[in-house]
Amino acid sequence: MSLQYPFTDLPSAGTRFKVAEGVYWLRFPLPFALDHINLWLLEDGDGWTVVDTGLGVRSSQKIWDTLLNEQLDGKPLTRIVVTHYHPDHLGMAGWLQQRCQAPVVTSAGEWALASMICASSDEQSISGFKAFLGSHGLGGEVLDQVAGKGNGFRRVVRPMPENPQLIGAGDSLTIHGERWQVHIGRGHSPEHLCLYRDSDRVLISGDQVLPTISSNLMVRPSAPEANPVTAFVDSLTALRDALPDDTLVLPAHGLPFRGMTSRINDLVAHHQRQLEVVWEECRSQARSAHDILPVMFDRKLDVQQLMFAMGESIAHLNCLMEQGRVQRQDKEGVWHFAA
Ligand SMILES: [Zn+2]
């Protein structure tokens, strides 16, 4: 089945919009190229469960104030589920936890990485990114800009939540008497929670399956040899094979849609094409991750996008290296990959 979008009216900030029995769509603006995030509010007995929380900035707090005061029918928020560690998903979880005295639920993999990033000082964060991206060919002023002014994560995850409840593969959550099965996504983040309700085939997919953009696959300085491309493709195809094609997918960005099989096939094909493009480039001469950017991205990249693009370029090179299709050599402190 080709992609179908059953809802085209967007909920305005501070209002909720019903998309399935007991499931409401909330939409928060974001102050960067990715201009919004979708959160999902679920009826849960005498209270509400929310999935994802928005970026930890003042504008999100204002929207949450409105929602908590006007949109919850006088019932409390009783559970906060965070699909993965990225600040637009995790950012307001600590604030909501304190305000509503509600537990935060996430996976061990997401919690571990969030905690590690949060613990790093500004200096450690800058030097880690500089050394890592420098070893992949980024240099000069651009490297200084991309490595940033310190630990940006801590500025938009305010505060980190405390004592989370950790769930993982094989677990499920009972929400309003219904079972939501956990499916784990990998590659975009370590152990991304997706929640599936079988009774009416609804999947809260977070950033694991998006309708119009491909989720960023980024190698981080703390795991420089990681291969998120294979992890992403394998976990996506497992999800595709586990769930019906007419599942209503509720993504964190873009519109709710049906047609998961064709969307996942397109995403897998996109990464396979990128691998071939990168491999071709490495056949003509040894190339660094920075050299590869123009063949992978045919648009101008701002500083934030450049960071994601470098991570994605390294991800595809690491994948080819793991497949034995390229070899890596150190040329004056910069990794070069040759087919
Ligand atoms: Zn994300």
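In each ligand, atom 1 is the first atom listed, and ligand 1 is the first ligand listed.
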>> Nearest N/O/S atom of D207 with respect to the Zn ion (ligand 1), by atom name, please.
In response: OD2

>> Side-chain heavy atoms nearer than 4.5 Å, only ILVMFWY residues, links allowed to pass through others: does that put L301 and F132 together?
In response: yes

> Hey, does E191 have a side-chain heavy atom less than 4.5 Å from the side chain of R186?
Replying inline: yes

>> Please determine whether H188 has a backbone or side-chain N, O or S atom lying under 2.8 Å from the Zn ion (ligand 1).
In response: yes

> With a 3.5 Å cut-off and no angle check, do the side chains of D122 and S125 form a donor-acceptor pair?
Replying inline: no

>> Under 6.0 Å between ring centres: does that hold for H290 and H136?
In response: no

> the Zn ion (ligand 1) to H89: any N/O/S contact under 2.8 Å?
Replying inline: no

>> Looking only at N, O or S atoms in H86, which is nearest to the Zn ion (ligand 1)?
In response: ND1

